[in-house]
Structure formats: C-alpha cells, structure tokens
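Along the sequence shown, residues are numbered consecutively beginning with 1.
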Amino acid sequence: MIKKAFQLKQAEDARNQTFYHGEKESVRINKYLTAAGFCSRRGADALVQENRVTIDNEPATMGAQVLPGQVVMVDGKEIKSEQKHVYIALNKPIGITCTVEPDVEGNIADFMDFPTRIFPIGRLDKDSSGLILLTSDGDVVNKILRAENNHEKEYIVKVNQEITPAFIQKMEAGVEITNMRTRTRQTTKKCKVTQMDPRTFKIVLTQGLNRQIRRMCTELGYRAISLHRVRIMNISLNGLKTGQWRYVTQAELEQLNKSV
C-alpha cells in the first residue's frame, strides 16, 4: 500500500480574491462555494438545483449573488469564504488515479488525505508518475484547463527499444494518432524531443491529448515503459521524491497566473 504523502515545506498563504457586482462586493453562489474550497462550480450548481443551499436561511437560486455578511449554508452547515486557498505540487506515484471520486480505488483525494477539499488540475495517467498540481481554488483550475493546449508540460520517457534519429525527428514533427472522442485521425502538435540515453528521451508538449505520448510512441512502433512528468509551465518537482508534495510558492503562483 502506498504511504500517505507528507508535507515538505509551506509557502506564504495565497492572497484572497475580491469579486465585484454593481457598487457592492458580491459573488455568485457557485463561485462562493468554489472559493471556499467546498466543491467545484458544477458541483455547486447541482447543490443549488437540489435545494441544499441557503443564503440567510432562504433557498438559493441559480446565479444568486452573495453579499458580504450573508450566511451561506449547505445542508444546514455554514460555509465560510474566508478560507485561504492552497496550491500544491505532488510527485504522484504510479497507481494513483487523478480523481476525487470516493468510489474509485486509489483516488488522489484518499492518497493526499488533505484536511480541506482539493482538486487535481488536469490529469496524469494511473500508470504514469510525476508532477500533478492540486488546489482548492476552482478559478485557477478553470483558467489552467482553458489554457491547457498552450502551456508547456515536460516529461521523461523510457521506451522498450533503442531510440533512433528517425524516431526523434518524427516525434518532434508530429505523429498522426486517432482522436479518442471523434475516432478521426489527427496529427499532434510539433514538440521538442531530446534523447537522454539509448532508450530514454525528454519531451516538452504544448498539447494535452489523452495518453498522448504513449499513443505517439505506439504509432512509431515503440512502447513507453515508464513516463514521468517533471514540469508544468513554470512549476517543477524541485527534488520531490515519489509520493512527496510541497506547497507552490508565492513567486511560482504569481508567474502561473500571468501565464494563464
């Protein structure tokens, strides 16, 4: 059984966000619950539709605004928005699934066992290891996912046979693979590939297709034996061992926000 991740160091608390509506500060109910780290926006909308949310003891409606001083409750329990958001970089072990669904064995929420609700940003295959970002900030999740096909992600990949110059060239130029949703053929974006040893290469992608690197390798007659992500945009593992995590620093967070 994989041991629980542990904390290496703590960075400064993230700055609170302020929202405006008209002349008074306010925030939509779904954004309020997300900012409190309670659930995703989609989850918040579902709670509102199920009549489980109240604002000052009145049932909340879709799109309702929450003003400063108002009391928001879910199932009769008050949800406060003053919580500081957390931003975490985890070196995910193989075997952990990037979902918070409790019925999925080996889900990342159980692995982290974090005291407040956090969400993985994007995904990293169960049979892959390396950097995954987690946060309680739903806005950051949405921003990064919207920019997913524009930011760099760096991986170290080991394959089952010796790498040839032709393999490097074809990987960099783009490989035709099948789109998993439309079942049509598409060519991956150009990328940077650097050979590290006879069977290991580093690849920097600006694209986020499902199991992309493994499928690219397969199309070229190779099999990825191991895949390890070491960087997402400006954030890297920084020496984290497998299963360890750290807080994203304030400087890293500011640069991340600029990038997205």
Participant: Can a donor-acceptor pair be found, under 3.5 Å and without considering hydrogens, that links the side chain of Asn30 to the backbone of Ala44?
Facilitator: no

Participant: Does the Gln161 side chain pair with the main chain of Gly221, one donor and one acceptor, at a distance under 3.5 Å?
Facilitator: yes

Participant: Kindly indicate whether the side chain of Tyr87, heavy atoms from C-beta on, has any atom under 4.5 Å from the side chain of Leu133.
Facilitator: no

Participant: Would you say Asp56's side chain and Glu58's backbone share a donor-acceptor pair under 3.5 angstrom?
Facilitator: no

Participant: Evaluate the side-chain proximity of Leu209 to Gln186: yes if any heavy-atom separation is below 4.5 Å, no if none is.
Facilitator: yes

Participant: Which pair of heavy atoms, one from Ile232 and one from Leu131, lies closest together, and at what distance?
Facilitator: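 For Ile232 versus Leu131, the nearest heavy atoms are N-CD2, 3.4 Å.
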
Participant: Between Arg185 (side chain only) and Glu176 (backbone N and O only), is there a donor and an acceptor less than 3.5 Å apart?
Facilitator: yes

Participant: Can you see which heavy atom on Leu33 is nearest to which on Val53, and at what distance?
Facilitator: CD1-CG2, 4.3 Å

Participant: Determine the interplanar angle of the Phe167 and Tyr222 rings, folded into 0 to 90°, and report it as parallel if under 30°, tilted if 30 to 60°, perpendicular if over 60°.
Facilitator: tilted

Participant: Is any side-chain heavy atom of Leu47 less than 4.5 Å from a side-chain heavy atom of Cys39?
Facilitator: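 In short, these two side chains touch, coming nearer than 4.5 Å.
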
Participant: Is there a side-chain contact between Leu205 and Lys189 in this structure, where contact means two heavy atoms from C-beta onward sitting under 4.5 Å apart?
Facilitator: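 No; the side chains remain at least 4.5 Å from each other.
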
Participant: Side chains of Asn57 and Met73: does their closest heavy-atom pair fall under 4.5 Å?
Facilitator: yes

Participant: So, the side chain of Arg41 versus the backbone of Lys31: is there a donor-acceptor pair under 3.5 Å, distance only?
Facilitator: no

Participant: Compare all side-chain heavy atoms of Ile108 with those of Leu90 and state whether any distance is below 4.5 angstrom.
Facilitator: yes

Participant: So which heavy atom on Cys217 is nearest to which on Phe201, and how close?
Facilitator: SG-CZ, 4.0 Å

Participant: Against Ile203, only a single residue in Ile213, Leu227, Ile168 fulfils side chain to side chain contact (heavy atoms under 4.5 Å, CB included); can you say which?
Facilitator: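 Going through Ile213, Leu227, Ile168 one by one, the side chain to side chain contact (heavy atoms under 4.5 Å, CB included) with Ile203 is satisfied by Ile213 alone.
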
Participant: Using only atom types and a distance under 3.5 Å, with no angle test, would you say the side chain of Asn107 pairs donor to acceptor with the backbone of Asp110?
Facilitator: yes

Participant: For atom CD of Glu78, is the number of surrounding heavy atoms from other residues, nucleotides or ligands below 6.0 Å larger than 12?
Facilitator: yes

Participant: Between Arg214 (side chain) and Ala224 (backbone), is there a donor-acceptor pair under 3.5 Å?
Facilitator: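 Between the backbone of Ala224 and the side chain of Arg214 there is a qualifying donor-acceptor contact (under 3.5 Å).
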
Participant: Under 3.5 Å, is there a donor-acceptor pair between the side chain of Thr188 and the main chain of Val175?
Facilitator: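 Yes, Thr188 side chain to Val175 backbone: donor-acceptor pair under 3.5 Å.
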
Participant: Would you say Pro93 and Phe111 make side-chain contact, with heavy atoms under 4.5 Å?
Facilitator: yes

Participant: Honestly curious: do Ile235 and Ile156 fall in one hydrophobic cluster under the side-chain, below-4.5 Å linking rule?
Facilitator: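 Cluster IDs for Ile235 and Ile156 match.
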
Participant: Just do the side-chain contact (heavy atoms from CB on, under 4.5 Å) check on Ile88 and Ile132 with the steps written out, would you?
Facilitator: CA-CA 8 Å; Ile88 290 170; Ile132 184 78; over 6 Å; no

Participant: Can any side-chain N or O of Arg199 pair as donor or acceptor with the backbone N or O of Val159 at less than 3.5 Å?
Facilitator: no

Participant: Sub-3.5 Å donor-acceptor pair from the side chain of Lys241 to the main-chain atoms of Asn91, do we have one?
Facilitator: no

Participant: What are the two closest non-hydrogen atoms of Gly174 and Thr187, and how far apart are they?
Facilitator: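 Minimum heavy-atom contact is C-CG2, 3.8 Å.
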
Participant: Do Lys202 and Val230 come close enough that some side-chain heavy atom pair is under 4.5 Å?
Facilitator: no

Participant: Does atom CD (Gln169) have a neighbourhood of more than 12 heavy atoms from anything else shown, all under 6.0 Å?
Facilitator: no

